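Sequential numbering from 1 along the given sequence is applied to the chain's residues. Computed from a predicted structure; not experimentally measured.
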Amino acid sequence: MHAFDVLGDPVRRRILELLAGGEQSSGELTATIRAEFGISQPAVSQHLRVLRDHGFASVRADGARRLYAVEPGPLQEVDLWLERFRGFWSQRLDALATELARGRRERRTTHDPEGEN
């Protein structure tokens with residue numbers, strides 16, 4: 001399975017978002033995902049397994065609890081792949097920043113034409 005196949009599923013993306021905030025137990029993850037997506041505990045476990053099997057998450061035992069954490073390696077690979085496309089949106093973001101600055105200047109000039117406060 002390719003990294004984008006793993007990340008293409010909204011449940012797995014949400015699990016990674018939750019784990020981005022720090023390590024979480026399988027119980028915490030399951031409760032959140034079940035509430036948000038309405039899926040069963042075994043379905044959540046399957047998603048966690050896919051993330052583990054493809055290196056996006058790790059799990060460690062803490063007594064009876066299983067604690068999950070993000071593994072950065074596959075995400076760094078995705079980031080490297082996306083690098084070639086950043087120029088498309090960074091140019092647009094630069095243009096947006098220019099337009100926003102222009103709008104702020106125009107508002108200041110319109111509201112305070114002589115530079116008075």
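- Listed by first and then second residue, the salt bridge (Lys or Arg N to Asp or Glu O under 4.0 Å) pairs involving residues 73-82 are Asp79-Arg86 (not counting sequence neighbours).
- Legend: salt bridge (Lys or Arg N to Asp or Glu O under 4.0 Å) pairs involving residues 36-46, not counting sequence neighbours, sorted by first then second residue: Arg14-Glu36.
- Clustering ILVMFWY residues whenever any of their side-chain heavy atoms sit less than 4.5 angstrom apart, transitively, puts Leu16 in the very cluster that holds Leu82.
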Exercise for the section: Begin from the C-alpha positions of Glu28 and Thr32 and carry the test side-chain hydrogen bond (donor to acceptor under 3.5 Å, both in side chains) through to its verdict. Expected result: CA-CA 6 Å; Glu28 293 169 320; Thr32 301; over 6 Å; no

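- Here ring pair (Phe, Tyr, Trp, His ring centres under 6.0 Å) pairs that include residues 9-51, with residues two or more places apart or in two chains, number zero.
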Side-chain donor-acceptor pairs under 3.5 Å in residues 1-10, sequence neighbours left out?
unit_1	atom_1	unit_2	atom_2	d
His2	ND1	Phe4	N	3.0
Asp5	OD2	His2	N	3.2
Asp9	OD1	Val11	N	2.8
Asp9	OD1	Arg12	N	3.3

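- In this structure, Arg108 CZ and Glu106 CD are separated by 10.5 Å, a value rounded to the nearest 0.5 Å.
- In this structure, Ile39 and Arg34 approach most closely via the heavy-atom pair O-CG, 3.1 Å.
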Sequence neighbours excluded and cut-off under 3.5 Å, please list the side-chain donor-acceptor pairs for residues 48-58, or say none.
unit_1	atom_1	unit_2	atom_2	d
Arg49	NE	Asp53	OD2	3.3
Arg52	NH1	Tyr68	OH	2.9
Ser58	OG	Glu71	OE2	2.8

List the atom pairs, donor and acceptor, that lie under 3.5 Å between side-chain atoms in residues 59-67 and the rest of the protein, sequence neighbours left out.
unit_1	atom_1	unit_2	atom_2	d
Arg60	NE	Glu23	OE2	2.9
Arg60	NH2	Glu23	OE1	3.0
Arg66	NH1	Gly63	O	3.4

